Amino acid sequence: MAAETATTAMTNTEPAATADGDVILRVDGLKKTYATKDRSVEAIRDLTFDLPRGQLACVVGPSGAGKTTLLRCIGGLLEPTAGTVTLDGTTVTGPPRGMAVVFQDYGRSLFAWMTVRQNVELPLRNQDMRKSDRARVVEKSLEAVGLDQAMESYPWQLSGGMQQRVAIARAIAFDPQVLLMDEPFAAVDAQTRADLEDLIRDIWKRTGVTVLFVTHDIDESVYLGERVLILSGSPTVVQEDLPIDLPAERDQLTTRSMPRFAELRGHVYEQIQRAKQATVPGDDEG
Ligand code: ADP
């Protein structure tokens with residue numbers, strides 16, 4: 001039966017990573033326990049996965065599953081309790097040069113007193129780059145996100161969606177090997193969100209950058225990803241590593257009305273429900 005075949009194909013738990021040489025990011029036995037004054041919280045129990053160079057992978061999981069914690073550990077912003085993160089063969093011990101992060105809170109990630117151009121240019125100032133080259137990179141990045149007409153504006157003069165485009169331009173100007181995105185579109189309206197999703201797929205296709213995109217939105221994960229990593233409830237492990245076998249050319253109308261899209265989103269939904277039920281309330285140590 002067709003439905004059974006689809007489900008069988010979806011329950012593949014084999015990692016989607018390819019041969020070792022193609023791996024850009026490796027998360028190996030990652031564990032993170034937060035120590036607070038009177039107790040400790042095991043946010044991530046044991047996560048292991050590889051990201052092949054050039055992949056766009058999404059991470060979904062119930063609220064509190066440790067998605068933000070995972071991204072912060074990968075980005076070198078938080079020290080893992082155990083396990084390692086390796087970027088292109090080098091262990092991550094602090095924010096690495098080859099990674100850029102886009103957060104949900106664009107309002108706080110941009111400097112209000114700097115123009116759009118200056119905001120995008122800021123991280124490039126520490127780089128060994130001629131001023132004219134720097135200006136070209138900034139302009140190209142802003143062009144890529146459709147903001148070349150707004151370079152001299154200030155962030156507060158722009159809509160939320162436009163501000164997030166500035167944050168994306170700043171990240172890609174840096175020419176990262178891996179782009180980490182932590183629920184970047186959660187704070188914008190549905191139409192803007194759809195446009196930004198298409199922008200990310202467009203940038204990904206044009207630049208070939210590896211993207212790890214964290215979201216709690218099931219539809220978004222299926223629409224964007226070539227692969228969806230479904231995290232279990234706390235304490236967190238990878239519950240399923242799901243390849244997304246939708247055509248590479250995607251658009252909001254056609255892709256989202258495909259029967260396969262509906263099957264995949266239904267499957268991820270079920271898995272997240274399972275993850276939520278398996279969550280042990282107050283499963284803390286100490
Ligand atoms: P998600 O992004 O999936 O919602 P988080 O990574 O934010 O999950 O949180 C995972 C778990 O770790 C939650 O139980 C949360 O309460 C806990 N946690 C997150 N940050 C801290 C912190 N700084 N101190 C203590 N516990 C934390």
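All residue numbers refer to positions in the sequence shown, counting from 1. Just so you know, ligand 1 is whichever comes first in the structure, and atom 1 is the first atom listed for that ligand. The model shown is predicted, which means the values in this text are computed figures rather than measured ones.
- Considering backbone and side-chain atoms alike, A43 places every N or O at 3.5 Å or more from each N or O of ligand 1.
- In this structure, V237 is not a member of the same hydrophobic cluster as L25, with clusters built from ILVMFWY side-chain heavy atoms closer than 4.5 Å.
- Residue contacts with ligand 1, taken as heavy atom pairs separated by less than 4.0 Å, do not involve L231 at all.
- Within 6.0 Å of the CZ atom in R108, the count of heavy atoms belonging to other residues, nucleotides or ligands does not exceed 12.
- When only interatomic distances are considered, the shortest N/O to N/O separation between T36 and ligand 1 does not fall below 3.5 Å.
- Heavy-atom proximity to atom 13 (C) of ligand 1, evaluated over G64, S40, P62, is greatest for G64.
- At the shortest separation from atom 8 (O) of ligand 1 among protein heavy atoms lies G66 N, 3.1 Å.
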E42 and K31: CA distance, side-chain angles, deciding distance, salt bridge (Lys or Arg N to Asp or Glu O under 4.0 Å) verdict: CA-CA 8 Å; E42 189 186 52; K31 178 184 171 84; 2.9 Å; yes
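- Remark: atom 16 (O) of ligand 1 lies closer than 4.0 Å to no protein heavy atom.
- Scanning the protein for heavy atoms near atom 9 (O) of ligand 1, the closest one is T69 OG1, 3.9 Å.
- Relative ring orientation between W156 and Y154 is described as parallel, the plane-to-plane angle staying below 30° on a 0-90° scale split at 30° and 60°.
- Using modelled atom types and a 3.5 Å distance limit, the side chains of Y223 and D217 yield no donor-acceptor pair.
- Residues E121 and E139 are not in side-chain contact: their nearest non-hydrogen atoms beyond the backbone lie 4.5 Å or more apart.
- Looking only at heavy atoms of the protein, atom 7 (O) of ligand 1 is closest to T68 CB, 3.9 Å.
- Ring to ring, F185 and F213 are close: their centroids are under 6.0 angstrom apart.
- The closest protein non-hydrogen atom to atom 18 (N) of ligand 1 is Y34 CE1, 3.3 Å.
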